[in-house]
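Lettering follows sequence order; numbering is per chain, from 1. These figures come from a predicted structure and were not determined experimentally.
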Amino acid sequence: MGAEGIGARVLRKEDRRFITGKGRYTDDMTAPGMGFAAFVRSPHAHAAIKSIDTSAAADMPGVTAVLTGDQLVGDGVGNLICGWMIHSKDGTPMKMGAWRALEAERVRHVGQAVAVVVADTAAQARDAAEAVMVDYEELPAVVDAIDAMKEGAPQLHPEAEGNLIYDWEIGDETATNEAFARAKHVTRMEIFNNRLVPNAMEPRAALAAYDEAEEHYTLWTTSQNPHVARLVLSAFYNIAPEHKLRVIAPDVGGGFGSKIYIYPEEMVCLWASKRTGRPVKWVADRTEAFLTDAHGRDHHTEAEMALDEHNKIIGLRVKTVANLGAYMSLFSSSVPTYLYATLLSGQYDIPAIHCNVKTVYTNTTPVDAYRGAGRPEATYVVERMMETAAREVGMDPAEFRRKNFIRSFPHQTPVIMCYDAGDYEASLDAAMKAADYAGFGTRKAEAAKRGKLRGIGFSSYIEACGIAPSQAVGSLGAGVGLWESAEVRVNPVGTIEVLTGSHSHGQGHETTFAQLIADRFGVPTDSVSIVHGDTDKVQFGMGTYGSRSGAVGMSAVVKALDKVEAKAKKIAAHLMEAAEGDIVIEGGELKVAGTDKSLPFFQVALAAYTAHNLPAGMEPGLKEGAFYDPTNFTFPAGTYVCEVEIDPDTGRTEIVNFVAADDFGKIINPMIVEGQVHGGLTQGIGQALLENASYDESGQLLTASYMDYCMPRADDVPSYKLTTTETLCPGNPLGMKGCGEAGAIGSPPAVINAITNAIGTNEIDMPATPEKVWRAIQAAKMPAAAE
Amino acid sequence: MYETTYHRPKTLAEAGSLLAKSDEAKLLAGGQTLIPTMKQRLAAPSDVIDLRHIEDLKGITETPSGGVRIGAAVTHAEVASSDIVKRQLPGVATLAGGIGDPHVRHMGTLGGSIANNDPAADYPAALLALGATVVTNKREIAADDFFTALFETALGEDEIVTAVVFPKAEKSAYAKYPNPASRYAMAGVFVAKLGDGSVRVAATGAGQGGVFRIGAMEQALGSNWSADAVAGVKVSDGDLLADIHGSAAYRANLLTVMAKRAVAAAG
Ligand SMILES: Cc1cc2nc3c(=O)[nH]c(=O)nc-3n(C[C@H](O)[C@H](O)[C@H](O)COP(=O)(O)OP(=O)(O)OC[C@H]3O[C@@H](n4cnc5c(N)ncnc54)[C@H](O)[C@@H]3O)c2cc1C
C-alpha cells in the first residue's frame, strides 16, 4: 500500500488550484467573438402565452438575436425527456407532458424560459431581455401535490389527467394486509419530506461554440456526466450527432445531483450558437438557480408499521405522493420509485412490505435526484416509524432496532433489493459507545437545570449506491446502462494517466483515483494524473452521482490496472528472464520473487514503448481500457445518533452532539471520506432544521434567495464525531460501498427523533423551525388548548 | 446592474451638491443594501455618490455630557470594537457586533442602516430606545421622529445623515433573535435606562410598521428594573409582522423573551 496507497490520508491534489483561486470553471472559458445569453422568464406559475413581441429588444444596443420557442421547434430541436420509464400498476406508461426548452404556448412554473437574447455583453443581453414583451393570460396554479390530485384542480398537461404521472406500486399487497390483520400493534404516521433547493456553490453555466466549417459544436458546461449530456443532446434533442459534439465539464463547483440533468438553458446555448454564428455563454445568477435547478424531495407519505406480540415488525404499508413539479426532469421518475420504495425495508427483517407511489405535476420547479435521491425519503419514513413504534410499545429505540435487524446475508427484501453484506449491530454499538448513550440521562438532568430540554435520537440508515447493474436497471425502465469505463495509460517514462468516465465536482477523484495507482505500482500519486470530463478525451462514461464513482468508477480502473499489470509483468519476466508467475511488484519495482533481480517500473514502461525487446508477438505500448458493469447495488449502512438541546422559550434547537458510525466497506482515503460525511450530515441537518422551498398559493417561490432560504452555516452544526465499521462489499474488486450521500440520507431522522424525544411528542415536520418546536412545546404544556 | 455614474466626493458640501443636482442619484455608504438591490435591478440610480471618503462622516467621540457621537460612515465593526462605545453604551457595541457577518460589519455603516430603515435592522432599536438624535447636513432629528414607516424616514430628498448622537445612558443592552436565514432580527429588543433615570424599550424585526417602543415594558421597568418585571408583559400580536419565518404570535413571544434577556444582560 505505501504512504499514498489505499487507506492513506493523502491531501487532496486538486486543492492547490481550488484554494489559490486557480480552478478553471465554465465561466472562466472564453471563445473568440463570444456573445452572452439572457433568458426571458415567466413571472407567472401558470399562464397561457398570447404573444411574444421581440421587436423592441432586437433593436437594443449590442443585441445579436432574440429567439423564441417557435424558432426552436421550427429548427427541429427536440423536447426535453425523462430517461426512465415507469409504468403504473395498471400497466400504462407514465404520462410525460411536453417540455420545450423555450416555451411558446403555456408556462407552467415561475422562471420557465420563453425567449433568449444574445448580445455582446451580459448586461446588454439582460437589458434587452427586459424589453421582450410577453402577453400572458394568467391561469390558476397549484403547488401542493395533494391539492393537485383533487377534483377541480388546475390541470397542467393534457397528457396527464388529474395531474397524475403514474400510480405505481411495489411489494406484495395481500401478504402485507394479512400481516396487519394479525398485528398486535400498529404504528401510523403522516410524514412530510420537505422540498429542497440544491444550491451548488457554482451556479449552472454553459459556453457553446459552433464551428460552421466543421459543422461541429463544443459545449463547456457544469455537468456531472458530460457523456450522458452529449448522448441526450445528440440522440433526443437533435443538436448534432455525437462525433460532431464535444462536451467538456471542466472544474465544477458542486452538483449534488442538480448537474446531472440536461436543462433548457444549455440546449438553447448550443442552438443559439449555430443560429447566431457566434459562441454563446450563459451563467445562471443565484435567482435563476433557485428557480430552475431541479429541486429535491417533496414527498407526502402515510405509513403504517405492524408489530407482533414480540415487537417484531411483520409488515410495512406506505402510501406516498411525490411532487415532480411542472415537468418530468431527466431521472425524476426513478427517484420516488426504484431509488425510494426499494429501500423501505431499512436495516430490518420485514417479511411483508407494500408501497404505492403516485407522482403528480404541480406549478413548481421540476424535482429530480438531489444528494441521496429517494433514499433520504425512505430512510426518513422508516427511521421515524422505528422511533415512534419503539416509544409506543415502550421499548428503548436502540433495542427495538436491534431486535429487528437483519443478521444474515445475502438478504432478499420484499422490495427487490438483495443486501449483500453488512453488520448493523456493529455500527449501532459503535454509535452508542461514541455517543455515550448510557450517560444521556445524566446529561439530560444537567441540561434541565439550565432550563434546556435535551433529547437523543437514532437513525439506522441503509442506502443503495453503486448504481447499477445495467441489465437490472434496464428491466426496471432505465434508458441507459449504468456501467463505467476507465483507461490506464502508462507513458514511456512511467508516469500514468487514468482516463475515467466518472466526473469529480468536489469528490477528490484526482487524489483517490491516483491512490489506486500508487497502491498497485508503488509510484507516487504525483506521477499520476486523472483525466475526466471531456468527451474528446474519455471515450465514454456514465458520470458521477449516486455515490457510484468508487464502487463503479474505481472498479473499472481496477480492471484496467489488472490488464496493465499483467502486461508489465510479462515484459519484466521477459527482460529478466524469469517466469511471469515469479514477478512481484513492490515499492515501484518489478522484482523476481526470491532473487535480487528487479527493474524499476519506469524501465518496464520504457521497454514497452521502445519495443526493442518485447516478448514474441507482443504489441508495443502499455495502455489498457476496461468497462465495469456492477453485479448488484452496494449497501452502505450505519447508525447516527443526534443529541439536541432546545431552548423552550424560543424553540431553538441546538445540536450538541452528533455521532455517525458508517460502514462504507473499503475506504481509499479516510480524510476525503470524512469530508464527504461532514458535508452530507450538514446537508441533512439543513433539511431537518433550516431548509425549505416554500411556495405561496399562486406559485411564487417565497424562498428564492438566501434572505429566506436558510442554508446551514458552520455555527448551525456541531463538531461531528465520526467512526466507521467495515464489512467489505463482496460485489466489487475493492469491496467499496460508497460514502457520498450517506450523511444526507441518515441524518434528518436522527435530528427529528432527537427533537421529538426532547419535547415529548411524535409529531413534528421538517424543517423543525424554532416556531414549530415552540408551538409543540406550548401544545404539550397545555393539552387542552392544543389544536 | 443598470449603468450608473459613480462619484467620489471629498467633502460633505460636494456630496450635497451632487445629490441636489440629480433626481435619480443615490448615496452609497457600505453598499450592503444598495449594491445587491442594484445588482438585482431593483434600483436604477443614474448617479451613485460614495460617502466613504468624506472625513466629516467618520469617527466616534464622547460628548461633553457623557454621550457618544458616531459618524454616519462608521462601520458596524468599528462601533463593535470601539472602547468608547463599549464603555458608555455596551448595548450598542453588542448590537453592532451582532449585525450580519464579518464582511457585512466591515462594510456596512450606521448611516446606511438607519437611512434604509429596514424593519428587521438592528440599529433603529438602539436609536429609539436611547432617544438618540440624528444629525444631517441640514438639521437634527429626534429618533422618535426619524423612523416614519417601513423603509421610510424623515430624511428629505437631498438630506445626508452625518452622525448620530446618543445621550448618556446608565444601562443599555440589546437582545436579538436572528432570522435563521438572513440573520437580521426576527425580534430584537433594546432596553435603556438613561442618564435622567427614564427607561425606554424599543423593538425591531417584529413590528408591521417597523421599529416601535413598548410602553408597557417601559412602565414595568421604570418601577422595577429586573428581568422578572418584563416577563409578564405580553406584546399584543395585532400589529406584529407575520411571514414564513414566524407568525405574529411567535414574534410576540420572542419580544418578551428578548426583553428579559436584554434586561438581564444590562444588569
Ligand atoms: C448579508 C447581510 C446581512 C445583514 N445583516 C444585517 C443584520 O443582521 N442587521 C442589520 O441591521 N443589518 C444587516 N444588514 C444590513 C447592513 O448591516 C447595512 O447596515 C445596511 O446594508 C445599510 O448600510 P450600508 O452602509 O451598507 O448602506 P448602503 O447599502 O450603502 O445604503 C443603504 C441606503 O441608505 C442610503 N444612505 C447611506 N448612507 C446614507 C447617509 N449617510 N445619509 C442618507 N442616506 C444614506 C443609501 O442611499 C441607500 O439608500 C445585512 C446586510 C447583508 C448584506
Side-chain angles (χ1 to χ4, degrees), chain A residues 38 61-62 121-124 126-127 129-131 194 197 199 285-288 290 451 647-654 685-686 689-696 700-716 767-778 785 787, chain B residues 1-4 32-33 36-42 44 98 100-104 118-121 175-189 205-206 227 230-231 234 237 240-262 264:
Chain A
T121 70
Q124 286 171 333
R126 259 188 105 164
D127 287 346
E130 285 176 7
N194 43 326
V197 181
N199 284 302
D285 64 20
R286 194 49 75 179
T287 308
E288 288 179 297
F290 270 101
D647 175 351
D649 291 343
T650 62
R652 186 173 183 278
T653 298
E654 186 191 350
I685 289 170
L689 294 180
L690 308 165
E691 297 183 46
N692 194 38
S694 171
Y695 284 91
D696 73 8
Q700 295 294 332
L701 182 60
L702 298 174
T703 50
S705 83
Y706 295 129
M707 290 297 281
D708 293 305
Y709 189 92
C710 188
M711 293 289 284
R713 289 171 234 201
D715 61 357
D716 290 314
T769 59
E771 172 157 12
K772 274 189 211 161
V773 173
W774 176 74
R775 283 186 182 276
I777 295 168
Q778 300 303 308
E787 305 109 311
Chain B
M1 198 181 281
Y2 297 104
E3 249 177 53
T4 187
Q32 295 304 292
T33 295
T37 318
M38 288 172 68
K39 277 189 177 169
Q40 289 179 304
R41 302 187 153 222
L42 298 171
D101 50 50
H103 171 97
V104 170
D118 188 310
K176 166 182 182 174
Y177 193 81
N179 173 317
S182 73
R183 306 252 169 128
Y184 276 73
M186 287 254 287
V189 177
V230 285
K234 292 270 172 274
D237 58 22
L240 297 187
L241 279 173
D243 57 25
I244 53 168
H245 303 290
S247 65
Y250 181 59
R251 280 188 163 88
N253 168 65
L254 289 179
L255 287 177
T256 304
V257 175
M258 291 305 117
K260 267 167 43 183
R261 290 181 187 176

Q: Within a strict 4.5 Å, meaning less than it, do heavy atoms of the B/Arg41 and A/Asp127 side chains meet?
A: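 SC-SC contact between B/Arg41 and A/Asp127 confirmed.
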
Q: Of the listed residues (B/Arg251, B/His245, B/Met1, B/Arg183), which shares the most heavy-atom pairs with chain A below a 4.5 Å separation?
A: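 Looking at each option in turn, the highest pair count goes to B/Arg183.
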
Q: Taking side chain as everything from C-beta outward and backbone as N, CA, C, O, which of these in B/Met186 sits under 4.5 Å from a heavy atom of chain A? Side chain, backbone, both or neither.
A: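 Interface part for B/Met186: neither.
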
Q: Specify the closest pair of heavy atoms between B/Pro180 and A/Cys710, including all atoms of both residues, with the distance to one decimal.
A: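 Scanning both residues completely, I find the closest heavy atoms to be O-SG, 3.1 Å.
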
Q: At a 4.5 Å cut-off on heavy atoms, which part of B/Ala187 comes close to chain A: side chain, backbone, both, or neither?
A: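 Looking at B/Ala187, nothing touches chain A.
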
Q: The criterion is salt bridge (charged side-chain N to carboxylate O under 4.0 Å, His left out); which residues satisfy it with A/Arg713, sequence neighbours excluded?
A: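 Scan of A/Arg713 (salt bridge (charged side-chain N to carboxylate O under 4.0 Å, His left out), adjacent residues dropped) gives none.
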
Q: At what distance, to the nearest 0.5 angstrom, does OH of B/Tyr184 lie from CE of A/Met707?
A: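 The CE atom of A/Met707 is 5.0 Å from OH of B/Tyr184, to the nearest 0.5 Å.
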
Q: Looking at residues at least two apart in the chain, or sitting in another chain, which of them share a salt bridge (charged side-chain N to carboxylate O under 4.0 Å, His left out) with B/Asp237?
A: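 Not a single residue meets the salt bridge (charged side-chain N to carboxylate O under 4.0 Å, His left out) criterion with B/Asp237.
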
Q: Heavy atoms only, distances under 4.5 angstrom: which of A/Arg126, A/Met711, A/Arg652 has the most pairs with chain B? Name it, please.
A: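 Of A/Arg126, A/Met711, A/Arg652, A/Arg126 has the most heavy-atom pairs under 4.5 Å with chain B.
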
Q: Contact part of B/Asn179 toward chain A, heavy-atom cut-off under 4.5 Å: side chain, backbone, both or neither?
A: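 For B/Asn179, side-chain heavy atoms alone lie under 4.5 Å from chain A.
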
Q: Please give me the minimum heavy-atom distance between A/Trp774 and B/Ala249, naming the atom from each residue.
A: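 That would be CH2-O, 4.1 Å.
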
Q: Side chain, backbone, both or neither: which part of A/Glu691 has a heavy atom under 4.5 Å from chain B?
A: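 No part of it gets close to chain B.
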
Q: Using a strict threshold of under 4.0 Å (side-chain N to carboxylate O), is an ion pair present between A/Asp285 and B/Lys39?
A: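 A/Asp285 and B/Lys39: not salt-bridged.
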
Q: Could you give the distance from CG (B/Leu254) to CD (A/Glu771), rounded to the nearest 0.5 Å?
A: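 One gets 8.5 Å once the value is rounded to the nearest 0.5 Å.
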
Q: Would you say A/Thr650 and B/Arg261 make side-chain contact, with heavy atoms under 4.5 Å?
A: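 Of all side-chain heavy-atom pairs linking B/Arg261 with A/Thr650, at least one is under 4.5 Å.
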
Q: Report the distance from atom CD of B/Glu3 to atom CD of A/Gln124, rounding to the nearest 0.5 Å.
A: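 So the CD of B/Glu3 and the CD of A/Gln124 are separated by 8.5 Å.
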
Q: Less than 4.5 Å to any heavy atom of chain A: does that hold for the side chain of B/Tyr250, its backbone, both, or neither?
A: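 Contact with chain A: backbone and side chain both.
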
Q: Does any heavy atom of chain A fall under 4.5 Å from the side chain of B/Thr256, the backbone, both, or neither of them?
A: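 Contact with chain A involves no heavy atom of B/Thr256 at all.
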
Q: Just how far is it from atom CD1 of B/Ile244 to atom CG of A/Asp696, taken to the nearest 0.5 Å?
A: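 If we round to the nearest 0.5 Å, B/Ile244:CD1 and A/Asp696:CG are 10.0 Å apart.
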
